[in-house]
Chemist: 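Okay, handing you the structure first.
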Amino acid sequence: MAIPMVDLQLHYQRWRHEFETAVLHTLADAHYVFGPQIAELEKTIAAYLKVPHGIAVASGTDALVLSLAALGIGAGDEVLTTPFTFIATAEAISRVGARPVFCDICPQTYNIDPAEIARKYTPRTKAVIIVHLYGCPCALDEIGAFCRSRNIALIEDCAQAFGARYREQPVGSFGICGCLSFFPAKNLGCFGDGGMVVTPDEALARKIQMLRNHGCEQRYFHKIHGFNSRLDTLQAAVLLVKMRYIELTIAERIAHARQYADLLESVPGIRVPVVPPDVRHSFNYYTIRIAAGRRDSVQRRLQEQGIAQAVYYPLSLHLQDVYAELGYRPGDFPQAEQAQREVLSLPLYPELTGAQISEIAAAVKKAVSDGAV
Ligand SMILES: *Cc1c(COP(=O)(O)O)cnc(C)c1O
């Protein structure tokens, strides 16, 4: 039987009755925009993340764009970030007219290297966007201290890290803004696009509330240039159902990651994910590393056997065509470039079974030890 990266059909079936009840109720209630489920979801997620304010928006990308816009970041400003992430992180910086300045990653966690942040800082730096890649929290003590010392904004891209914790504290609660994505394949996914900004700052929360709704607080009285970036009530209703089970599904992800590690950590040629001390990795993805030169053939072998796998990400952002204008060259970020050649993500979702994990691990192990040619 083929094994997919995520099985959204199975996930739907698991709580089908609750999803359908919530959706049908919302359809009949007919408050499709800013229905009561929006405020309820904002309260639920803010409480879960231990942050005072949550503002639901149309996507994770918009959460980043609106955060930057609300902080007044734009033309002439630099924002430090990682080149080893999904395009949306840097795209948001470009979208508001600022310049992304990339910082290489730590080879163990694939997250932004705090020492690089200090090296790339200039007086034009207004913010740092960190990404807790694959669900692994960044080095928040060091990064937080640096941002405070320079008085620059810390924005957390938590799109892949809902439910992750650093020293018991939820990620998303460290920065001035925590940006969440509810894209279906994320740890907390809805049935389409969605996102949220969480922030401890009341004035900033107000501003983001205005930005997402055409720059107004009171309808038809517009104070600032805004966007149309609202979350649908229907998606909020679905997310409220999923929030009932979020600790369960994250615990399942962590248990699956444990099983993978038990089966793969001693295999020569494979590096399993490094989980730093004092963190809860929320395993949106289970990403192994395969010694240079072999990754692609291992990937092909799994593909032939019907086992899904993916490379997040095959081309670091500094080498993307869209960023040719920034003038970076191959070799500028050696750790990110090595990671793009070596990482391979394996299927990981709450409903995955122990038998499937054993099958995947055995196939990976065989492909790697055969040299997979
Ligand atoms: C998914 C993702 C986003 C964007 O979220 P959308 O909801 O798809 O707009 C941003 N950053 C990272 C790291 C992501 O994985």
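Position 1 is the first residue of the sequence, and the numbers go up from there. All ligand and atom numbering here is 1-based and tracks the order in the structure.
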Chemist: What I want to know is whether Phe86 and ligand 1 share at least one N or O pair that is separated by under 3.5 angstrom.
Modeler: no
Chemist: Within a distance under 4.0 Å of any heavy atom of Gly60, pick out the atoms of ligand 1 and give their elements.
Modeler: 5 (O), 6 (P), 7 (O), 9 (O)
Chemist: Got an N/O contact under 3.5 Å between Gln160 and ligand 1?
Modeler: yes
Chemist: Any chance the side chains of Ser316 and Glu337 put a donor and an acceptor closer than 3.5 Å?
Modeler: no
Chemist: Using the side-chain hydrogen bond (donor to acceptor under 3.5 Å, both in side chains) rule, pick out the option among Arg295, Gln299, Arg300 that qualifies with Gln309.
Modeler: Gln299
Chemist: Quick one: look up the protein heavy atom nearest atom 5 (O) of ligand 1 and list residue, atom name and how far away it is.
Modeler: Ser181 OG, 3.3 Å
Chemist: Any N or O on Asp193 sitting closer than 3.5 Å to an N or O of ligand 1?
Modeler: no
Chemist: Which atoms of ligand 1 are found less than 4.0 Å from any heavy atom of Lys186?
Modeler: 1 (C), 2 (C), 3 (C), 14 (C), 15 (O)
Chemist: ring-ring contact (aromatic ring centres under 6.0 Å, His included) between Phe86 and Tyr312: does it pass, once the steps are laid out?
Modeler: CA-CA 8 Å; Phe86 181 56; Tyr312 305 118; 9.2 Å; no
Chemist: Can you list the atoms of ligand 1 that are under 4.0 Å from a heavy atom of Ala88?
Modeler: 3 (C), 4 (C), 10 (C)
Chemist: Under a 4.0 angstrom heavy-atom cut-off, which atoms of ligand 1 come close to Thr85?
Modeler: 13 (C)
Chemist: Do Gln259 and Tyr286 pair up side chain to side chain, a donor and an acceptor below 3.5 Å, judged on atom types alone?
Modeler: no
Chemist: Distance-only criterion, 3.5 Å: show the donor-acceptor pairs between side-chain atoms of residues 53-66 and protein atoms not counting sequence neighbours.
Modeler:
{"residue": "Ser59", "atom": "OG", "partner": "Thr61", "partner atom": "N", "Å": "3.3"}
{"residue": "Ser59", "atom": "OG", "partner": "Asp62", "partner atom": "N", "Å": "2.9"}
{"residue": "Asp62", "atom": "OD2", "partner": "Ser229", "partner atom": "OG", "Å": "2.6"}

Chemist: Any chance the side chains of Ser345 and Thr287 put a donor and an acceptor closer than 3.5 Å?
Modeler: yes
Chemist: For ligand 1, which atoms, with element, lie under 4.0 Å from some heavy atom of Val131?
Modeler: 13 (C)
Chemist: Determine, stepwise, if the pair Tyr134 / Phe283 fulfils ring-ring contact (aromatic ring centres under 6.0 Å, His included).
Modeler: CA-CA 6 Å; Tyr134 309 141; Phe283 288 105; 9.6 Å; no
Chemist: What is the nearest protein non-hydrogen atom to atom 4 (C) of ligand 1, stated with its residue, atom name and distance?
Modeler: Thr61 OG1, 3.6 Å
Chemist: Is there a nitrogen or oxygen of Asp62 sitting under 3.5 Å from a nitrogen or oxygen of ligand 1?
Modeler: no
Chemist: Considering Asp157, Val65, Val57, which one's heavy-atom position lies nearest to atom 11 (N) of ligand 1?
Modeler: Asp157
Chemist: Ser173 side chain to Lys50 main-chain N or O, any donor-acceptor pair under 3.5 Å?
Modeler: no
